Participant: 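The structure under discussion is supplied below as structure tokens; questions concerning it will follow.
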Amino acid sequence: MSYIRRVSRPLAIEEARERVLAEARPLAAEDVPVERALGRVLAAEVVADMQVPPFDSSAMDGFAVVAGPEADLPVVGESRAGHPFGARLEPGSAVRISTGAVVPEGADAVVPVERTEDAGDRVRVPETRQGANIRYAGEDVRPGDVVLRSGTPLGPAELGVAASLGHAVLACANRPRVALVVTGDELARPGEPLEPGGIYSSNGYALAAQVERAGAALTGVESAPDTADGTRAALAGALGEADVVCVSGGVSVGPHDHVRTTMAELGVEERFWGVRLRPGKPTWFGVRDGTLAFGLPGNPVSAMVTFQLFVRPALAALQGADPAARRVGAVLAEEVRRNPGREQAVRVRLGGDGELRATPTGPQGSHQLTSMLGADGLALIPAGEGALTAGDTVEVELL
Ligand code: AMP
Ligand code: MG
């Protein structure tokens, strides 16, 4: 039986993250139709080459007029959305106008219909000031404005703004291809019967969903038995097809943990093994020809937490996005015991009005996956003696 000695000292979370990010170079870009770009990351600036709104338009249903005192005016035509009046409005006349329709040349105010006496071919309008109820061209965007920066993750608002400028396609970073490998003789697929000593593989599903959420493309989820040959076959396949390989389990010091030795055999160079983190201590990271390989601990909470802390930032960086997770300060709602040697990632719910309160989700064992349910973030509890007490401020990395 051969035990693998730990040579390097375990790293702090930040040091480990830096080593990961040092290897994550942005992928190439491709054009993506706007309707399929949700969740993608922009790979070039979007610069406006037109103004929005494109023309002076009415903010109301009513009448376009020349501003002035109360008057009784002939209605000489209509400007509807998409159907301009098409002529000049002369002083002393009115044009019926709809919201979003072009304000006719010559008009400089719109009177809302509620403030008029509309008699069909004539209309009585009150005193009106210049510019009333007109949305001027370019009030939202001017030509030359940098509207979206490279590296911006595309959400509904970004897609809407791009479309408002007439962009049908956007240059987006390629989605990193991620291959998952779950190791363990005990694993069964949901839907299959459990053998004695078996458990359902939750990591294959939770990690696949995290991959998807991070904007990456899952190439597949492979199961590997706890043998050197089986692990090698699965890892060789995964390394050949992906930008990022994520393995769960088999990365610890047990006699049936084959991930580290197999990675080395396949030419993956170790960048670290071990993080002063709970849960997630045995996390392993290596690289081969630009392919990033993560060995995540098998315990389901550890796998999800270490994905969040190390893999998700890498997937963001590969797409040219800011890898830093959003952090907030919050006040602990209850005591949390510290760990003398390791920083803890405690799953918390955030709430409270005014002061943000962080409430641990319940028992925090690395096998207690329900502790991830309803979690808004990971409260990072510094290593040390004793406990943090209710009312102490902690940093929370949002999920
Ligand atoms: P390991 O890291 O392989 O030593 O596994 C640590 C713990 O995580 C063990 O209790 C495993 O049964 C469990 N585990 C490993 N892989 C999975 C998985 N895919 N889904 C759920 N639990 C797992
Ligand atoms: Mg195992």
Side-chain angles (χ1 to χ4, degrees), residues 1-6 10 16 178-213 218-235 237-238 242 244-264 268 270 272-286 293-312 342 344-345 347 361 363-373 375:
M1 197 183 287
S2 75
Y3 287 93
I4 306 152
R5 231 170 248 294
R6 184 186 296 277
V178 181
L180 288 180
V181 177
V182 292
T183 72
D185 288 349
E186 73 277 34
L187 301 181
R189 274 174 197 279
E192 289 174 356
L194 275 186
E195 303 294 335
I199 60 166
Y200 287 119
S201 169
S202 57
N203 291 349
Y205 297 84
L207 292 172
Q210 286 180 294
V211 166
E212 194 73 30
R213 273 281 165 83
L218 191 68
T219 60
V221 184
E222 186 82 32
S223 285
D226 287 320
T227 63
D229 286 349
T231 304
R232 193 179 306 112
L235 291 189
V244 175
V245 173
C246 250
V247 188
S248 94
V251 77
S252 214
V253 292
H256 307 292
D257 290 336
H258 299 288
V259 171
R260 296 178 60 247
T261 40
T262 307
M263 288 284 194
V268 185
E270 179 177 302
F272 67 79
W273 179 37
V275 183
R276 298 198 301 274
L277 163 66
R278 185 178 166 188
K281 186 174 173 197
T283 305
W284 183 94
F285 172 64
F294 293 88
L296 307 182
N299 271 308
V301 178
S302 314
M304 288 192 77
V305 164
T306 53
F307 185 98
Q308 170 69 20
L309 294 177
F310 305 113
V311 187
R312 191 210 55 80
R342 291 191 269 160
Q344 292 177 90
R347 283 75 71 202
T361 50
Q364 297 282 314
S366 62
H367 59 299
Q368 290 170 301
L369 189 51
T370 55
S371 67
M372 289 296 294
L373 294 176

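Fair warning: this is a prediction, and the values are worked out from it, not measured in the lab. In listed order, ligands and their atoms are each counted from 1.
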Participant: Do Glu270 and Arg260 come close enough that some side-chain heavy atom pair is under 4.5 Å?
Facilitator: yes
Participant: Counting each atom of ligand 1 from 1 as listed, which ones have a heavy atom of Glu186 under 4.0 Å away?
Facilitator: 11 (C), 12 (O), 15 (C)
Participant: Distance only, no hydrogens: is a donor on one side chain within 3.5 Å (strictly under) of an acceptor on the other, for Ser371 and Arg347?
Facilitator: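 Indeed, the side chains of Ser371 and Arg347 share at least one donor-acceptor pair under 3.5 Å.
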Participant: So among Phe307, Phe272, Trp273, Phe285, which one has a ring pair (Phe, Tyr, Trp, His ring centres under 6.0 Å) with Phe294?
Facilitator: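 Looking at Phe307, Phe272, Trp273, Phe285, the match for Phe294 under the ring pair (Phe, Tyr, Trp, His ring centres under 6.0 Å) is Phe285.
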Participant: May I have the step-by-step check of side-chain contact (heavy atoms from CB on, under 4.5 Å) for Val247 and Leu296, ending in yes or no?
Facilitator: CA-CA 6 Å; Val247 188; Leu296 307 182; over 6 Å; no
Participant: Taking only non-hydrogen atoms of Ser252, do any sit less than 4.0 angstrom from ligand 1?
Facilitator: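 No, Ser252 has no heavy atom closer than 4.0 Å to ligand 1.
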Participant: For the 3.5 Å polar cut-off, considering only N or O atoms, please tell me whether Asp257 and ligand 1 meet it.
Facilitator: no
Participant: Run the numbers for me: atoms of ligand 1, each under 4.0 Å from some heavy atom of Gly250, listed by number.
Facilitator: 1 (P), 2 (O), 3 (O)
Participant: Does the side chain of Thr183 come within less than 4.5 Å of His258's, by heavy atoms?
Facilitator: no
Participant: Tell me the protein heavy atom at minimum distance from atom 6 (C) of ligand 1, and give that distance in Å.
Facilitator: Asn299 N, 3.6 Å
Participant: May I ask whether Gly184 places a heavy atom under 4.0 Å from ligand 1?
Facilitator: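 In this structure, Gly184 fails to qualify as a contact of ligand 1 - no heavy atom is under 4.0 Å.
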Participant: Which residue and atom name correspond to the protein heavy atom nearest atom 19 (N) of ligand 1, and how close is it?
Facilitator: Ser201 OG, 3.0 Å
Participant: Would you list the atom pairs, donor with acceptor, under 3.5 Å between side chains in residues 196-208 and any protein atom, with sequence neighbours excluded?
Facilitator:
unit_1	atom_1	unit_2	atom_2	d
Tyr200	OH	Glu192	O	2.7
Asn203	ND2	Ser248	OG	3.2
Asn203	ND2	Gly298	O	2.7

Participant: For ligand 1, which atoms, with element, lie under 4.0 Å from some heavy atom of Thr183?
Facilitator: 16 (N)
Participant: Which protein heavy atom lies closest to atom 20 (N) of ligand 1, and at what distance to 0.1 Å?
Facilitator: Ser202 N, 3.0 Å
Participant: Polar contacts were defined as any N/O atom of the residue lying under 3.5 Å from an N/O atom of the ligand; does this apply to Gly298 and ligand 1?
Facilitator: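 Looking only at distances, the answer is yes, because the N/O contact criterion of under 3.5 Å is met.
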Participant: For Ile199, take its heavy atoms, then give the atoms of ligand 1 lying under 4.0 Å from any of them.
Facilitator: 12 (O), 21 (C), 22 (N), 23 (C)
Participant: Among all protein heavy atoms in this structure, tell me which lies nearest to atom 17 (C) of ligand 1, with the distance rounded to 0.1 Å.
Facilitator: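 Going atom by atom, the protein heavy atom closest to atom 17 (C) of ligand 1 ends up being Asn203 ND2, 3.3 Å.
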Participant: Determine whether a donor-acceptor pair (N or O, by modelled atom type, separation under 3.5 Å) exists between the side chain of Gln210 and the backbone of Met304.
Facilitator: yes
Participant: Do Val311 and Cys246 make a side-chain contact, defined as non-hydrogen atoms from C-beta onward lying under 4.5 Å apart?
Facilitator: yes
